[in-house]
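Heads up, the thing below is written out as structure tokens.
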Amino acid sequence: MTFKVSKDAYVRCTYAALQSAGLVHRASGLDEEWPRARSVDICSTEITGYTEWVDRIDGAVTIGWDWQMRAAAGVVTLRRTSDPRTNVMLVDVCGRDIGPAKTLDSLSALVDAFDWRSEVRRSLHGRYE
């Protein structure tokens with residue numbers, strides 16, 4: 001199976017086809033404008049960034065989102081802070097578009113279900129130390 005970009009720039013596929021194809025990490029980075037401290041005695045502890053993923057088959061599918069890094073009790077966690085940005089339009093079994101809202105809901109669930117956080121942390125490790 002390969003993904004094809006249509007004339008309106010969408011890659012149309014079913015959710016099952018996208019799940020089967022899988023996603024691989026393309027790039028991640030930190031946002032360049034970190035929040036500034038409000039006074040000299042206060043240091044900002046919010047780190048934000050972005051990540052971009054493509055399908056394993058031919059790289060036609062692209063899905064990206066923003067994330068935030070938090071540290072509490074010695075544990076660093078990342079959480080998604082935006083809806084996915086994508087060129088995907090999911091279709092039903094008859095090939096009809098399910099629409100942008102349902103596509104974003106489904107892609108959000110897909111993103112939240114796999115371990116993107118470990119790959120983002122590996123990608124950033126050493127680059128910003």
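Every residue was checked against the side chain to side chain donor-acceptor pair (under 3.5 Å) condition with Asn87, not counting sequence neighbours, and none meets it.
Separating the CG atom in Leu78 from the CH2 atom in Trp67 is a distance of 5.5 Å, to the nearest 0.5 Å. Distance CD1/Ile47 to CG/Leu30: 6.5 Å, rounded to 0.5 Å. With rounding to the nearest 0.5 angstrom, the OG1 atom of Thr86 is 8.5 Å from the CD atom of Glu52. Here the straight-line distance linking atom CE of Met89 with atom CG of Leu104 works out to 8.5 Å at 0.5 Å rounding. Here the CD1-OG distance, from Ile57 to Ser20, works out to 8.0 Å after rounding to the nearest 0.5 Å. Note that CD of Gln68 and CZ of Arg80 are 13.0 Å apart. Values are rounded to the nearest 0.5 Å.
No side-chain donor-acceptor contact under 3.5 Å links Asp55 to the backbone of Gly22. Of the possible donor and acceptor atoms, one in the side chain of Asp58 sits under 3.5 Å from a partner among the backbone N and O of Phe3.
Cluster annotation: Phe114 and Val54 are assigned to distinct hydrophobic clusters (Ile/Leu/Val/Met/Phe/Trp/Tyr, side-chain heavy-atom contacts under 4.5 Å, transitive). By the rule that hydrophobic residues join a cluster once side-chain heavy atoms approach within less than 4.5 Å of another member, Leu107 and Val24 end up as members of separate clusters. Under the 4.5 Å side-chain contact rule for hydrophobic residues, Leu110 and Leu90 share a cluster.
No more than 12 heavy-atom neighbours from other residues, nucleotides or ligands sit within 6.0 angstrom of CZ on Arg26.
In this structure, Arg117 and Thr77 have side chains that are not in contact, with every pair of non-hydrogen atoms separated by 4.5 Å or more. Taking the side chain as every heavy atom from C-beta outward, Thr103 and Ile98 approach each other to under 4.5 Å. Using a 4.5 Å cut-off on side-chain heavy atoms (C-beta onward), Arg96 and Val91 make no contact. Residues Leu23 and Arg56 form no side-chain contact, since every pair of their non-hydrogen atoms from C-beta on lies 4.5 Å or further apart. Using a 4.5 Å heavy-atom threshold, the side chains of Tyr10 and Val5 count as separate.
Screening Thr81, Asp31, Asp66 for a side chain to side chain donor-acceptor pair (under 3.5 Å) with Thr48, the sole residue that qualifies is Asp31.
Between Val88 and Cys13, the closest heavy-atom pair is CG1-SG, 4.3 Å.
Applying the 4.5 Å side-chain rule to ILVMFWY residues, one finds that Val75 remains a lone member of its cluster.
A donor atom on one side chain and an acceptor atom on the other are not found under 3.5 Å apart for Ser123 and Ser28. Using a 3.5 Å distance cut-off with no hydrogens or angles, the side chains of Ser6 and Arg12 do pair a donor with an acceptor. In the model, Asp115 has a side-chain atom that pairs as donor or acceptor with a side-chain atom of Ser118 under 3.5 Å.
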Pair Ile63-Leu18, side-chain contact (heavy atoms from CB on, under 4.5 Å): steps then yes or no: CA-CA 11 Å; Ile63 303 173; Leu18 185 58; 4.3 Å; yes

Audit row: Val76, Arg70, side-chain contact (heavy atoms from CB on, under 4.5 Å) steps and yes/no: CA-CA 6 Å; Val76 176; Arg70 290 184 169 176; over 6 Å; no

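Trp53 and Trp65 have parallel rings, their planes meeting at less than 30° on a 0 to 90° scale where 60° marks the start of perpendicular.
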